[in-house]
Amino acid sequence: MPGLFDSARAVAVLYGSDPALGFLFIAAPLMVAAGLPAWWVLGATVRWFDKRRDKDIGELARDAAATVKDVRGGL
């Protein structure tokens, strides 16, 4: 909706706020929704490495290959 940001800016001015607050009111939830998948992937990666804390690089590679093979088999 192209007029959504203009409308939000107008509503912010009607309530006596800075027009940028209207833009932020619309943009902030969209930015949060767009960023959530990245945080989920980052968290999953950190947990995966934390479970394998005492392994060397070869064991990590074998675990990664097994995980990818399991995921592909499940599809």
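Here the side chains of Phe25 and Val11 are not in contact, with every heavy-atom distance at 4.5 Å or above.
Listed by chain and residue number, nothing satisfies the side chain to side chain contact (heavy atoms under 4.5 Å, CB included) test with Ser7 (two or more places apart in sequence, or in another chain). Listed by chain and number, the residues in a side chain to side chain contact (heavy atoms under 4.5 Å, CB included) with Phe49 are Thr45, Leu60 (sequence neighbours excluded). Asp6 meets the side chain to side chain contact (heavy atoms under 4.5 Å, CB included) test with Arg9; sequence neighbours excluded.
Looking at every heavy atom in both residues, Ala12 comes nearest to Gly22 through CB-N, 3.6 Å. Closest approach of Val13 to Pro19, counting heavy atoms only: CG2-CG, 3.7 Å. Asp63 approaches Arg52 most closely through the heavy-atom pair OD2-NE, 3.2 Å.
Atom-to-atom distance recorded for Arg72:CZ and Thr67:OG1 is 12.0 Å, nearest 0.5 angstrom. From Ile26, atom CD1 reaches atom CE of Met31 across 11.5 Å, with rounding to the nearest 0.5 Å.
Residue Leu30 qualifies as enclosed at atom CG: its count of foreign heavy atoms under 6.0 Å is above 12.
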